[in-house]
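Scroll down for the structure; my scribbles are underneath it.
We use all heavy atoms of the structure for the numbers below, so side chains are in, but hydrogens, waters and symmetry mates are not. So that the names make sense, note that chain A is the first sequence line, chain B the second, and so on, each numbered from 1.
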2 protein chains.
Amino acid sequence: MRYLLVEDNRELADAILGRLALDGHAVDHAASLSEAEEWLATAGYDLILLDVMLPDGDGRDFLARSRAHLETPVIMLTARSQVSDRVGALDMGADDYITKPFDFSELEARCRAVLRRRGGAARNQVALGQALFDPLAGTLSHAGRTVELRNRELRLLEVFARHPGQILSKTQLMDRLFAQDADVTENAIEVYVGRLRRRIDGMGVRIETVRGLGYRMETGGP
Amino acid sequence: MRYLLVEDNRELADAILGRLALDGHAVDHAASLSEAEEWLATAGYDLILLDVMLPDGDGRDFLARSRAHLETPVIMLTARSQVSDRVGALDMGADDYITKPFDFSELEARCRAVLRRRGGAARNQVALGQALFDPLAGTLSHAGRTVELRNRELRLLEVFARHPGQILSKTQLMDRLFAQDADVTENAIEVYVGRLRRRIDGMGVRIETVRGLGYRMETGGP
DNA sequence: ACGTCCGTGTCAGGACCATGTCAGCTTCCT
DNA sequence: AGGAAGCTGACATGGTCCTGACACGGACGT
């Protein structure tokens, strides 16, 4: 899953980033509302964790403005358990809220709960060439055949699907698949590309090697 | 990628220059704000690394003045982790900041992140005559035909695309293609120009030889 | 608590290919 | 004609990439 964390306290942000990365999620970090908007403009997220107090505005106002054209679920991080904060959060369109300080396991539980609630309703499938990619189900279908992808393969294909035809370096892919501080060899990417290739073989989607630069997904040919 | 490093400590500057050159980036160095302005007037950059304390002024003031007509992303290099420095940086229009002393790999990660954030959204295909050059995909298309370029050819064409119609000496091209300390003959450039020519033959773009001076890309003719 | 299974990341060995050099050739200028 | 500059086919080389095998650890069921 791909999260966006909007939180200006770097210490707390790092802690959350680390913890969520342990669960295998890709988490981007914005320290302000303007930064959050940049992230949102460039990528789709499954969940947004939004602080209330931010250097350039109030998270609730931001949410109210964005709700019209933003369907991603949002969990608010309220500084204190002030009633005003909590009441406002849900009214503004947040899916849940959690008060600081909070236990990480509780945060994870809230995330799962919100994702379950949202994910059950709308499931969007993406066309990849003639194949049909369902990120939520973790499947790829083509010509009546359906393959199931595992966690890492799924995330890898998600990244490729978001940048079709574009060369993605192994470093870029690592940034998406692993946590910043994760100590992983680039070889891991080679291995996962290999596994993904074997799995999607003959499904109208292929991943080409561009020697020295990275990989590129092609959706055209046979 | 083309970076501008604004840093007055020569020792640190050299270290950064060396490291970034290893990644294949072209990095120019300015030791003061006035020098930085000269560089900015002559060339376009993909990213600027800007120190806070400079002999002729404060990097933040410089950034605040320039932000209106400067859309290049900026990473601030703050001397210490002083809160005043850090808070100011983002408000002044920096895209990110990093505190000295920092690890080179972290600097690289920040650079990647900022570039991804900025450039990730709009896929910029460049028109080269009647051909369409897609640096991210590493392809050149013309009249329904598409050729794939490899690493060195791609970088070479990138350099030419950035200076269309301009004569580029073999030395200039070598500086862009190879690391500073790389021990490469000028003949390598001749070889790569030849390979690139063969690949883009008939695509409305050609590279002319200017005897004794270098090469020049022309986009006009057949 | 224990055992099993599955997903994950590393490693080593090998195949493959982009790369840079060279030598001989062509082209251009004087 | 002669020399200098540039072009190109061929080649050795080193790096990049692929893959089977394996160790590890968490998830899960019993």
Rounded to whole Å, the OH-C1' distance (B/Tyr215 to D/dA5) equals 9 Å
Between D/dG6 and B/Lys170, is there an OP1 or OP2 to side-chain N/O distance shorter than 4.0 Å? yes
A/Asn187 CG - D/dC17 P separation (whole Å): 10 Å
Solution key, residues 141-148 of chain A side-chain donor-acceptor pairs under 3.5 Å, sequence neighbours excluded:
| unit_1 | atom_1 | unit_2 | atom_2 | d |
| --- | --- | --- | --- | --- |
| A/Ser141 | OG | A/Thr146 | OG1 | 3.0 |
| A/Arg145 | NH2 | A/Asp201 | O | 3.1 |

Can a salt bridge be assigned to the pair B/Glu218 and B/Arg216 using a cut-off of 4.0 Å between side-chain N and carboxylate O? yes
Given atom CG of A/Asn151 and atom C1' of D/dA27, what is their separation to the nearest angstrom? 13 Å
B/His29 and B/Ala13: which non-hydrogen atoms are nearest, and at how many Å? NE2-CB, 3.4 Å
Can you list, by residue number, the residues of residues 189-199 of chain A that have a non-hydrogen atom closer than 4.0 angstrom to DNA chain C? A/Val191, A/Tyr192, A/Arg195
For B/Glu190 and B/Lys170, what are the C-alpha separation, side-chain angles and deciding distance, and is it a salt bridge (Lys or Arg N to Asp or Glu O under 4.0 Å)? CA-CA 8 Å; B/Glu190 299 169 8; B/Lys170 275 184 264 205; 3.0 Å; yes
Once you round to the nearest 0.5 Å, how far does CG of A/Asp8 lie from CD of A/Glu35? 10.5 Å
Atom pair distance, as rounded to whole Å: CD in B/Glu208 and P in D/dG6: 15 Å
Does a side-chain N or O from B/Thr209 land closer than 4.0 Å to OP1 or OP2 of D/dA5, or not? no
Do the ring planes of A/Phe160 and A/Tyr215 sit parallel (below 30°), tilted (30 to 60°) or perpendicular (above 60°)? perpendicular
Atom pair CG (A/Leu40) and OG (A/Ser66), whose distance is rounded to the nearest 0.5 Å: 7.0 Å
Rounded distance in Å - CD1 (B/Ile207) to P (D/dT8): 12 Å
Only residue of B/Arg199, B/Arg197, B/Arg195 satisfying salt bridge (charged side-chain N to carboxylate O under 4.0 Å, His left out) with B/Glu153 is B/Arg199
B/Arg211 CZ to D/dA4 C1', in whole Å, measures 7 Å
Measuring from atom CD1 of B/Ile48 to atom CG of B/Leu4, what distance do you get when rounded to the nearest 0.5 angstrom? 5.5 Å
Identify the 5'-most and 3'-most nucleotides of DNA chain C with at least one atom closer than 4.0 Å to a non-hydrogen atom of chain A. C/dG7 to C/dA18
Between D/dG15 (P) and B/Phe178 (CZ): distance, integer Å: 15 Å
